[in-house]
Structures are given as C-alpha cells and as structure tokens.
Amino acid sequence: MPRSLRAFLLAAAMSPAVLAGMAHADEAPADAAADSNVDGVVVTGARARSTGATGLDLSLRETPQSMTIVGQQQIRDFALTSVTDLLDRVVGINVERVETDRTYFNARGFDVTNFQVDGVGLPLNWGIQYGEIDTILFDRVDVVRGVNGLTTGVGNPSATVNYIRKRPIAGFQASAAAQYGSWNDKRLEADVSGSLNASGTLSGRLIYANQDRDSYLDHYKVNRNVYYGVLSWDLTPKLNVTGGYSQQDNLADGVLWGALPLSFSDGTRIPYKRSASTSADWTYWDVNDKTAFVEATYLFDNDWSAKATYTHKDVEQNAKLLYASGYPDKTTGLGIGGFVGHYPSESKQDLADVTFNGPVSLFGRSHQLVFGASYAEQAREDFASSGTTYPAYPSVYDWGSVAEPTTYTDLYSAAQIKDRLTRVFGAAHLNFTDRLKGVVGFNAVEQKTSGTSYGVDQGRTVSKTSPYAGLVFDLTPHVSLYGSYTDIFNPQAEVDASNRKLDPVQGESFEAGVKSEWFGGKLYASAAVFKVEQQNLATAAGTFGAGDPGPVGFTYYTGVDTTSKGYELEISGMVTDRWQVSGGWTQLELEDKDGNDARTFLPRKSLKVSTTYSFPEWRNAKIGAALRWQDEISGLDTFVVTQKAYAVVDLMGSTDLADNVKVTLNIKNLFDETYLNSVMWGQAYYAAPRNASVRLDYRF
C-alpha cells in the first residue's frame, strides 16, 4: 500500500477527528512525530486540523469557532494524569470541584454537558463527571468553545470536549513509567504497540495504568486501574476496521458528598484546616466504566469516505455517602448534623453513527460535504437507601469523624429513565473565492425520555432542527476574520418543584473574531467576541422537603432567561524552536433578564498560561511553568460565601538520564496558595497545598 494512502486511511479511522491535530501546537516536531498515529504526518499551530466544531476536516484557522487542542507533550510535561487536571489548563474552561468525586465543568457561563470520544457521545447526566478519567487513554483532547450546533445538536452554548483515543502505531513502540508524589501518590504505566503480521496490515496496542494515592484531605484515598486494548486491520487497501475495549475502575474511600458547611450561625466563616473533610473512613464511591467500540472506514475512488461506528458503554456506581449540613454555634462549634445514604446505580449506553465525507465541484470550485445520522440510547437505574439515624458531628474546633449508622432502610429503585437521541446532520465547507470560505449546515434531533424518578413520570418527546452558518475571510496570508451563528436547543435534566423535567432551553449564539498564524504556521493566535441568549435556563430555586415529591434535600429548579457576552484571547505554539507557549484570557458578563448578575460562582475574568523552554544540548533538558488566575467569585447557601481572586503557579523540569530514560519533576501550587475549589453549591472544600511529584519514563 502506498505510504500516503495508508496514512490517510489510518487518519480516517480516527474520524470524526480526521487529521485533527496529530500533534498539538505545543509539541516540538520530534515529540509530535513520536506520538502521531499517522506515519510522517506532523502538524502544529494553526495548521492543526479537527472536525470537532463542524464535522468538517478544517484547520484551526478555517474553523469559525474558538478551539483549543491539548496534546501529549503538554500532558507529559505537566503530569496531567486526569482529565480534570487537563481541563483546568484549557482557556475558558472552569473546573468546579464541588466534591472529591463529582465535578462540573463550565465555559462562557454555562455547564459543559457534551463530552465525546472520537466525536461520538451522549451529553452527561447533569453535566457531572463521576470519579476521574485517566488521560493515558487519549492522544489528545480537542475543546471547542461555544455552541455545538453541528457536532451534537443538543447541549449548552459552553463547549464540547472531544477525547481522541490512542490507536496502534505502525512499527514497534513501547514505554513504561513510574511516578511518585506527595501524600504517597504512586503511579505505574505501560504502553506497547506494533504490527501483528508481516505485511503490517494488522496492528494492536495495549495500555495499562494504576494510580494509588492518599490525599491532603482527611480520610480520602483513591486506587484507579485503567486497561485498554485496540486492534486496527486494513482488510483491503480501502477498508479499515478498528475495534477496542477499555475499562477504568476508580475506587475512592473517604469521599466528600457535599463539602464543608462554611458559615457559623452568625454568618462568619468557619476557620477550617485545608485538610478538613466532612467524610469518614467508611464512606466510598466506586465507579466502574467499561467501553467497547468498533469502527469501519471505507475510502471510495472519488476521494469520498464513509465511516460507521458502534459503541457500547456500561457504567456501574456504588456509593455509601455522608452529607453534613447546618450552621454551628460560634462559641461551642456544635450544630452540624449528618445524613447517610447508600446509592448503587447502573447506566448502559449504545451509540451508532454513520458519516459520509468528501469533495464536490460546483461553479468551478471544490467544496467539502459531510452528512450522516446517529442514534444513541441510554438506560439508567438508580437505587437508594438511607441510614436510620442522623449522626451529629463534633465541634468544628475539635473536628473529627462520625460513626456509621448500624442500620439502613431497604434498598429501593429510585429512578428508571431511558433517553433516546436520534440525529440527522449535514454540513458544507464552501469555497466562495480564494479568500472567502463559508460553513453552513443543519442538525435535526429528536429526544425521547421515558421512565420514572421518585415515582414521578419523566416521559417526554422534544425535537428541533438547528441551523449553523459561518464565514472565514483571509484578510492577509497570515490573518483571517470569522463569524458564526447557530440557535440553541438543550433538553434539561433538572426538575421543577413538582419533580418534572424543565422544558428545553432555547436561544441564539453569535461569535466573531480574528485568527492568525506565524512563523510558518508554528504559532497560532486568536481573539473572539461572543454573545449567547438563553431562555428557560435551569436555576436552583429550593430544596425538596419531607413529604414532597423527590428525595429529601435535593434541589429543584426554575427556568431563567440568561445572557452571556464577552471575549477571549488565545495563543498557542512555538515562538522559537525551543520556546513553547500556550494560554489565554477570558472575560465575560452573565446576567438575567432584569440585568442582575447571574451564576456568581463563576469567575468573570480568568487567565491561563503555560510555557516551556528546551535545552537540547544539555541532555534534552526542559524547564516550564504554568499560571492560573481568576477573579473573585461568590456562592449562596443561607449566607453569601466569597472566594477572593487567587493565582496558582506550577513548575516543571525534565532531563534525559540516559538515551531512553527521562526524569520529570513537577511542583504544583508553588506559592502554597489557599483557596476554595468551588463555591457553586455554597458548601466547599479547600484545594491542595504545595505538592510535588517525580516521574521516570523509559522508551524501549
């Protein structure tokens, strides 16, 4: 098979991220080549390509939306072993660590609910990530900010996160790594890939990782095992079939459910230690995530390609949790009570997707089309029971654990819900002139929900066809102007005071900006302005009480009209052959229909920057730093809780100990900044103090 054809087929097998930034702009060519899944294909800066925003194979500069690609080099340099840590580095993304094992993400003022793997996925329930996802499974992560009008058709106008799986690499390659860090954090990795027959048409890859760690938090510890195997087979010169299986077991003990009550009864802040936790040694939250997938990609003679994907996903959770609430007396420190619950659950997903992609000639010019259909189904069942006693906490001045109740109520089925999402989509990249390009398309979706939640029928059917339009104009050979529009349709999981799901959010989103590339395409810079108008966005309005429909203490919502507007600045790539930089600034306004500030737990201003500098002549030494800064935020429980503006600085350094052995040192929170992880729920817990890790990498 010709080398160029084989490269195209292997890239196509990765669609819908065809040639999507095989190396991130922050990777030097040598490292990028080592991590690329396509022989000899290395792209950086604005020339990195992705289908993440539109379904079309476009460069960052051709894409009429803001986009960031995080690649292997940045993951390795800064020890970003979890997706949560990785997304903390992405411009415009806020990570809400509301609990130890339940995390929200938001962008441009709204929750991120669309998380995909190789472009296929269902919106997460409530936008929540349970446990942690290990980055060892992925080559890179594409983040598209704004509405996902052509990639999913439903969801908030926030961002879409697309995880790109690692695939077999032509030729033999193997690596192993060991890492040790603060709080007895131990990690082992192994990764081997290569051809399995003489002709090279069959190749495979096996990956394993284990992380076993304690924590700066009292009681908390995690053991995580990750397994992944994938085969890729060129059945013919035009047909490739790829299939794989992954499993991640995230076993956490001493977990937080809710977090620290932050105020005394007079409204003043409780002076906790940073290690304080409302948890106990007997609590746990285990998440078992198993995914199997198969893909078939066919290349036609006319340069069209077709791809069919089927994915099956099982997620089992088992949690025994302790929740603390109350406002203690300032003199005695007493007054916090606990509630204990046992919550097993199981979720099954089946996702099928068929996509056709190729060129067409019209009016003497070549254009690109993509169209297809997908079907996704998710069935989830949640069980619940509660402790028959309500434990009381000791004084906050002598903080300690509480005993587990000796008896629980009988386990019962709390919710049985099935969601079906059917989608038909199409898009075109129109080549109007040598300097003017356009992207137009549509997404037609229908979502059906059936089942009950705490005895209340959740059945509903909603549908919507959403248009998408964008223009890109090359102002100069290095600078492009762009603009895009789409409407918003987002079926919501939140319920009202009657425990009925709210009607879908609807609205409009506008974005415009400038994109540029420099130094032969190695450095990418962009600036964007955006405005989003949403009607009926779920906003917390109260909590269910005893005798009300729904679980005691759980939140109900009301729909609020909300407007978000702001701007983003971003830069990514190589300033010189040795100096890499990535990061940017985000600023926004978020208001309700009356002009009042909305969702004040979100920062209005944030800065994220990372940089590395290499010294190849000194055993490939490298030094680097990362900065995260955000302005003041506030949340509301009974009292207003404020977190002042703060900055966190991380450092890294690496060097070769031998030809195939590299050592990397990371220091996080260098200046030991003290701050709350999130005030989204009014309760919160403190972020990690200064910590360090050392890692040894060996490549065979």
**Q** Provide the closest heavy-atom pair for Ser484 versus Pro64 in the form atom of the first, atom of the second, distance.
**A**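 So the minimum-distance heavy-atom pair works out to OG-O, 2.9 Å.
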**Q** Looking at Leu502 and Gly559, what are the two nearest heavy atoms and their distance?
**A**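 Heavy atoms only, the tightest pair is CD1-N, 4.3 Å.
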**Q** Is there a side-chain contact between Arg89 and Val70 (heavy atoms, below 4.5 Å)?
**A**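 Side-chain contact under 4.5 Å: no.
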**Q** State, with a plain yes or no, whether a side-chain heavy atom of Asn94 is found less than 4.5 Å away from one of Glu96.
**A**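 In contact.
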**Q** Can you classify the ring geometry of Trp629 versus Trp585 as parallel (below 30°), tilted (30 to 60°) or perpendicular (above 60°)?
**A**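 Judged by the thresholds at 30° and 60°, the geometry between Trp629 and Trp585 is parallel.
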**Q** Out of curiosity, Glu570 CD to Lys608 NZ, how far, rounded to the nearest 0.5 Å?
**A** 11.0 Å
**Q** Taking only Lys NZ, Arg NE, NH1 and NH2, and the carboxylate oxygens of Asp or Glu, determine whether Asp592 and Arg599 approach each other closer than 4.0 Å.
**A**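 Between Arg599 and Asp592 there is no salt bridge, as every charged N stays at least 4.0 Å from the carboxylate O atoms.
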**Q** Establish, from distance only, whether the side-chain atoms of Asp350 and Tyr310 form a donor-acceptor pair under 3.5 Å.
**A**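 Yes, side-chain donor-acceptor contact under 3.5 Å.
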**Q** Nearest 0.5 Å please: distance from the CE atom of Met67 over to the CZ atom of Arg145.
**A** 10.0 Å
**Q** So does Glu99 pair up with Arg97, basic N to acidic O under 4.0 Å?
**A** no
**Q** Would you say Gln630's side chain and Leu602's backbone share a donor-acceptor pair under 3.5 angstrom?
**A**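 No; zero donor-acceptor contacts below 3.5 Å.
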**Q** Validate the cation-pi geometry between Arg423 and Phe425: distance from NZ or CZ to the six-membered ring centre under 6.0 Å, angle to the ring axis within 45°.
**A** yes
**Q** Side-chain contact, heavy-atom cut-off 4.5 Å: His478 with Lys515?
**A**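 A side-chain contact under 4.5 Å is absent here.
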**Q** Return yes if a side-chain donor-acceptor contact under 3.5 Å exists between Gln534 and Asp561, otherwise no.
**A** no
**Q** I want to check a possible cation-pi pair here: Arg140 against Tyr163, using under 6.0 Å from ring centre and within 45° of the ring axis as the test.
**A**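 No, Arg140 and Tyr163 do not form such a contact.
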**Q** Does one side chain, of Arg61 or Ser480, offer a donor that lies under 3.5 Å from an acceptor on the other?
**A** yes
**Q** Does the Gln74 side chain pair with the main chain of Gly71, one donor and one acceptor, at a distance under 3.5 Å?
**A**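 It does not hold such a pair.
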**Q** Does the Arg604 side chain pair with the main chain of Gln587, one donor and one acceptor, at a distance under 3.5 Å?
**A**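 Flag not set: sc Arg604 to bb Gln587 has no pair under 3.5 Å.
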**Q** Roughly how far apart are Leu590 CG and Phe601 CZ, rounded to 0.5 Å?
**A** 8.5 Å
**Q** Would you say Thr160 and Val143 make side-chain contact, with heavy atoms under 4.5 Å?
**A** no
**Q** Would a distance-only check, ignoring hydrogens and angles, find a side-chain to backbone donor-acceptor pair under 3.5 Å from Asn536 to Asp503?
**A**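 Side chain of Asn536 to backbone of Asp503: a pair is present.
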**Q** Hey, are Asn357 and Ser305 close enough side-chain-wise for a donor-acceptor pair under 3.5 Å?
**A** no
**Q** Ignoring hydrogens and angles, tell me if any N or O in the side chain of Asn106 forms a donor-acceptor pair with the backbone of Phe110 under 3.5 Å.
**A**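 Not at all, since once roles are kept as given, no pair shorter than 3.5 Å links the two residues.
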**Q** Do Asp139 and Arg165 pass the side-chain contact (heavy atoms from CB on, under 4.5 Å) test, and can you show the C-alpha distance, the side-chain angles, and the key distance before you say yes or no?
**A** CA-CA 6 Å; Asp139 257 336; Arg165 290 186 182 100; over 6 Å; no
**Q** Taking the side chain as C-beta and beyond, is there a heavy-atom pair between Ser82 and Asp134 under 4.5 Å?
**A**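 With C-beta onward as the side chain, the pair stays apart.
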**Q** Can you see which heavy atom on Lys448 is nearest to which on Thr461, and at what distance?
**A** CG-OG1, 3.7 Å
**Q** Counting N and O atoms only, with roles assigned by atom type, does the side chain of Asp594 sit under 3.5 Å from a partner on the main chain of Asn596, one being a donor and the other an acceptor?
**A** no
**Q** Got a donor-acceptor contact below 3.5 angstrom from the Lys437 side chain to the His429 backbone?
**A** no
**Q** Pick from Asp631, Thr586, Val91: which one makes a side chain to side chain contact (heavy atoms under 4.5 Å, CB included) with Ser606?
**A** Thr586
**Q** If only side-chain N and O atoms count, and only distance matters, is there a donor-acceptor pair under 3.5 Å linking Tyr468 with Gln65?
**A** yes
**Q** Distance from Asp85 atom CG to Ile75 atom CD1, nearest 0.5 Å?
**A** 11.0 Å
**Q** Counting N and O atoms only, with roles assigned by atom type, does the side chain of Thr135 sit under 3.5 Å from a partner on the main chain of Leu80, one being a donor and the other an acceptor?
**A**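 Between the backbone of Leu80 and the side chain of Thr135 there is a qualifying donor-acceptor contact (under 3.5 Å).
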**Q** Using a 6.0 Å distance limit plus a 45 degree cone around the ring axis, check whether Lys565 lies over the aromatic ring of Phe530.
**A** no
**Q** Against Val161, only a single residue in Val112, Thr113, Val83 fulfils side chain to side chain contact (heavy atoms under 4.5 Å, CB included); can you say which?
**A** Val112
**Q** Any side-chain donor paired with an acceptor under 3.5 Å for Ser582 and Ser610?
**A**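 Side chains of Ser582 and Ser610: pair found under 3.5 Å.
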**Q** Do any N or O atoms from the side chain of Thr311 and from the backbone of Phe293 form a donor-acceptor pair under 3.5 angstrom?
**A** no
**Q** Working to the nearest 0.5 Å, report the span between OG1 of Thr68 and CD1 of Ile93.
**A**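 So the OG1 of Thr68 and the CD1 of Ile93 are separated by 8.0 Å.
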**Q** Is the backbone N or O of Val445 less than 3.5 Å from a side-chain atom of Ser463, with the two atoms forming a donor-acceptor pair by type?
**A** no
**Q** Do you know the tightest heavy-atom contact between Asp434 and Asp474?
**A**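 Heavy-atom minimum between the residues: O-OD2, 4.0 Å.
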**Q** Given side chains that start at C-beta, do those of Tyr298 and Trp304 come closer than 4.5 Å, heavy atoms only?
**A**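 Tyr298 does not reach Trp304 side chain to side chain.
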**Q** Just wondering, do Glu517 and Lys522 contact through their side chains at under 4.5 Å, heavy atoms?
**A** no
**Q** The test is side-chain contact (heavy atoms from CB on, under 4.5 Å); show your working for Arg460 and Gln447 and say whether it passes.
**A** CA-CA 8 Å; Arg460 67 173 178 179; Gln447 180 170 323; 4.2 Å; yes
**Q** Between Asp496 and Tyr557, is any pair of side-chain heavy atoms under 4.5 Å apart?
**A** no
**Q** To the nearest 0.5 Å, what is the distance between CG on Leu60 and OG on Ser572?
**A** 8.0 Å
**Q** For Glu511 and Ala528, work out which heavy atoms get closest and say how close.
**A**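 Heavy-atom minimum between the residues: OE2-CB, 3.9 Å.
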**Q** Can you tell me which residue among Glu377, His312, Arg380, Gln378 is in a side chain to side chain contact (heavy atoms under 4.5 Å, CB included) with Gln349?
**A** Gln378
**Q** Does the side-chain contact (heavy atoms from CB on, under 4.5 Å) test come out yes or no for His367 and Leu369, once each step is laid out?
**A** CA-CA 7 Å; His367 315 272; Leu369 295 181; 5.8 Å; no
**Q** After noting the C-alpha distance and the side-chain angles of Asp419 and Thr449, does the key distance pass the side chain to side chain donor-acceptor pair (under 3.5 Å) rule?
**A** CA-CA 5 Å; Asp419 287 301; Thr449 301; 2.5 Å; yes
**Q** Please report the shortest heavy-atom distance between Ser634 and Thr600, naming the atom on each side.
**A** O-OG1, 2.9 Å
**Q** Using side-chain contact (heavy atoms from CB on, under 4.5 Å), reason through Ser450 and Arg420 one step at a time and then give a plain yes or no.
**A** CA-CA 9 Å; Ser450 60; Arg420 297 178 178 90; 4.1 Å; yes
